[in-house]
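Pasting a structure here, questions to come.
Everything numeric here is computed off the predicted structure, so don't read it as measured data.
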Amino acid sequence: QVQLVESGGGLVQAGGSLRLSCAASGRIFSINVMGWYRQAPGKQRELVAAVTRGDSTNYSDSVKGRFTISMDNAKNTVHLQMNSLRPEDTAVYYCNADLRVTVSKRDNYWGQGTQVTVSS
């Protein structure tokens, strides 16, 4: 019984920045991985960035050097700082969490998605 609440999406000009946030709430024992995926019209959902409980990070090649993911473990929140945005970054961004909801139970959750639109 976990809910992921996303915020920070919107419209920005090319070259601008946005900061996405995703807060997980509910019964959470610990976080394994939290990350961001995105899906543009006509394309498959793809991993953008992910961060583990131990702060190991992984980025799509297309966003390396431009995006930074971070986790606030105390608040069960992940942030995605997106700089130097490009029109091709336009997509619906989805938060994902891989969690242990109890000592013995692991589960995955998705946010509802937040629209990011980058104009030229």
Side-chain angles (χ1 to χ4, degrees):
Q1 300 182 37
V2 173
Q3 183 179 24
L4 304 181
V5 179
E6 301 152 320
S7 62
L11 174 65
V12 67
Q13 295 183 64
S17 298
L18 286 173
R19 185 173 184 257
L20 304 183
S21 297
C22 175
S25 62
R27 187 185 178 100
I28 302 170
F29 183 79
S30 65
I31 297 170
N32 295 317
V33 184
M34 293 187 72
W36 289 93
Y37 291 72
R38 67 186 181 189
Q39 188 166 23
K43 295 185 177 180
Q44 290 185 284
R45 187 174 299 186
E46 64 174 350
L47 175 68
V48 178
V51 59
T52 70
R53 175 176 50 195
D55 293 325
S56 176
T57 58
N58 185 48
Y59 296 93
S60 166
D61 287 341
S62 65
V63 307
K64 284 182 179 178
R66 299 189 297 122
F67 293 8
T68 302
I69 192 167
S70 60
M71 184 186 300
D72 184 339
N73 287 284
K75 297 182 178 180
N76 293 332
T77 299
V78 65
H79 304 283
L80 184 67
Q81 179 66 45
M82 305 186 295
N83 298 326
S84 301
L85 283 161
R86 305 166 180 169
E88 54 263 41
D89 294 318
T90 295
V92 178
Y93 284 68
Y94 297 90
C95 180
N96 176 266
D98 187 276
L99 310 171
R100 282 192 289 169
V101 294
T102 68
V103 173
S104 59
K105 185 178 181 181
R106 180 179 178 176
D107 213 343
N108 297 96
Y109 298 88
W110 288 95
Q112 295 298 306
T114 184
Q115 178 71 46
V116 171
T117 302
V118 184
S119 66
S120 59

Let me see the working for Asp89 and Arg38 under side chain to side chain contact (heavy atoms under 4.5 Å, CB included), right down to the final yes or no. CA-CA 9 Å; Asp89 294 318; Arg38 67 186 181 189; 3.0 Å; yes
Using the side-chain hydrogen bond (donor to acceptor under 3.5 Å, both in side chains) rule, pick out the option among Asn108, Asp107, Asp98 that qualifies with Asn32.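 In the set Asn108, Asp107, Asp98, the residue that makes a side-chain hydrogen bond (donor to acceptor under 3.5 Å, both in side chains) with Asn32 is Asp98.
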Got Arg27 and Thr102 here, is their nearest side-chain heavy-atom distance under 4.5 Å?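 They are in side-chain contact.
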Got a sec: does the CD of Glu88 have more than 12 other heavy atoms crowding it under 6.0 Å?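 More than 12 heavy atoms, drawn from other residues, nucleotides or ligands, come within 6.0 Å of this atom.
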What distance do Arg19 atom CZ and Met82 atom CE have between them, rounded to the nearest 0.5 Å?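 It comes to 11.0 Å.
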Do Leu20 and Val116 make a side-chain contact, defined as non-hydrogen atoms from C-beta onward lying under 4.5 Å apart?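 Leu20 vs Val116: side chains touch.
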What distance separates Ile31 CD1 from Asn76 CG, expressed to the nearest 0.5 Å?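 Ile31 CD1 to Asn76 CG: 4.0 Å, rounded to 0.5 Å.
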Which value, rounded to the nearest 0.5 Å, describes the distance between Gln3 atom CD and Gln112 atom CD?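 It comes to 8.0 Å.
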Which heavy atom of Gly10 sits nearest to which heavy atom of Leu18, and what is that distance?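 What the structure gives for the nearest pair is O-CD1, 3.9 Å.
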With rounding to the nearest 0.5 Å, note down the distance linking CG in Leu47 to CG in Asn96.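 Answer for the CG-CG pair, Leu47 versus Asn96, is 9.0 Å.
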Would you kindly confirm whether Tyr93 and Val12 end up in one hydrophobic cluster when ILVMFWY residues are joined by side chain heavy atoms under 4.5 Å apart?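 Result: yes, single cluster for both.
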Do you know the tightest heavy-atom contact between Ala40 and Ala91?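 Minimum heavy-atom separation between Ala40 and Ala91: N-CB, 3.8 Å.
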Can any side-chain N or O of Gln81 pair as donor or acceptor with the backbone N or O of Thr68 at less than 3.5 Å?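 Not a single qualifying donor-acceptor pair exists.
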From Ser30 OG over to Arg100 CZ, what is the distance, rounded to the nearest 0.5 angstrom?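 If I round to the nearest 0.5 Å, the distance is 3.5 Å.
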Using a 4.5 Å cut-off on heavy atoms from C-beta on, say whether the side chain of Phe67 contacts that of Thr57.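 Answer no - side chains too far apart.
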At their closest point, which heavy atom of Ala14 faces which heavy atom of Ser120, and how far apart are they?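 The pair with the smallest heavy-atom distance is CB-CA, 4.4 Å.
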Rounded distance (nearest 0.5 Å) linking atom OG of Ser60 with atom CH2 of Trp36: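 These two atoms lie 15.5 Å from each other.
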Heavy atoms only: give me the nearest Gly113-Val92 pair and the separation to one decimal.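 Scanning both residues, the minimum pair turns out to be CA-CG1, 3.8 Å.
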For a 4.5 angstrom cut-off between non-hydrogen side-chain atoms, does Met34 reach Ile69?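 In short, these two side chains do not touch, never coming nearer than 4.5 Å.
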Geometric class of the Trp110/Tyr94 ring pair [parallel <30°, tilted 30-60°, perpendicular >60°]: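 Answer is perpendicular, since the angle exceeds 60°.
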Could you tell me if the side chain of Tyr59 sits less than 4.5 Å from the side chain of Arg66, heavy atoms only?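 A side-chain contact is absent here, since even the closest heavy-atom pair is not under 4.5 Å.
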In this structure, are over 12 heavy atoms from other groups packed under 6.0 Å from Glu46 atom CD?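 Yes, the 6.0 Å shell around CD holds more than 12 heavy atoms from other groups.
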Sub-3.5 Å donor-acceptor pair from the side chain of Thr90 to the main-chain atoms of Val118, do we have one?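 Flag set: sc Thr90 to bb Val118 pair under 3.5 Å.
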Hey, are Lys64 and Asp61 close enough for a salt bridge, meaning a charged N less than 4.0 Å from a carboxylate O?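 Salt bridge flag = yes for Asp61 with Lys64.
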For Val2, give me all partners under side chain to side chain contact (heavy atoms under 4.5 Å, CB included), at least two apart in sequence or on another chain.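 Side chain to side chain contact (heavy atoms under 4.5 Å, CB included) list for Val2, sorted by chain: Leu4, Ala24, Ile28, Leu99, Val101, Tyr109.
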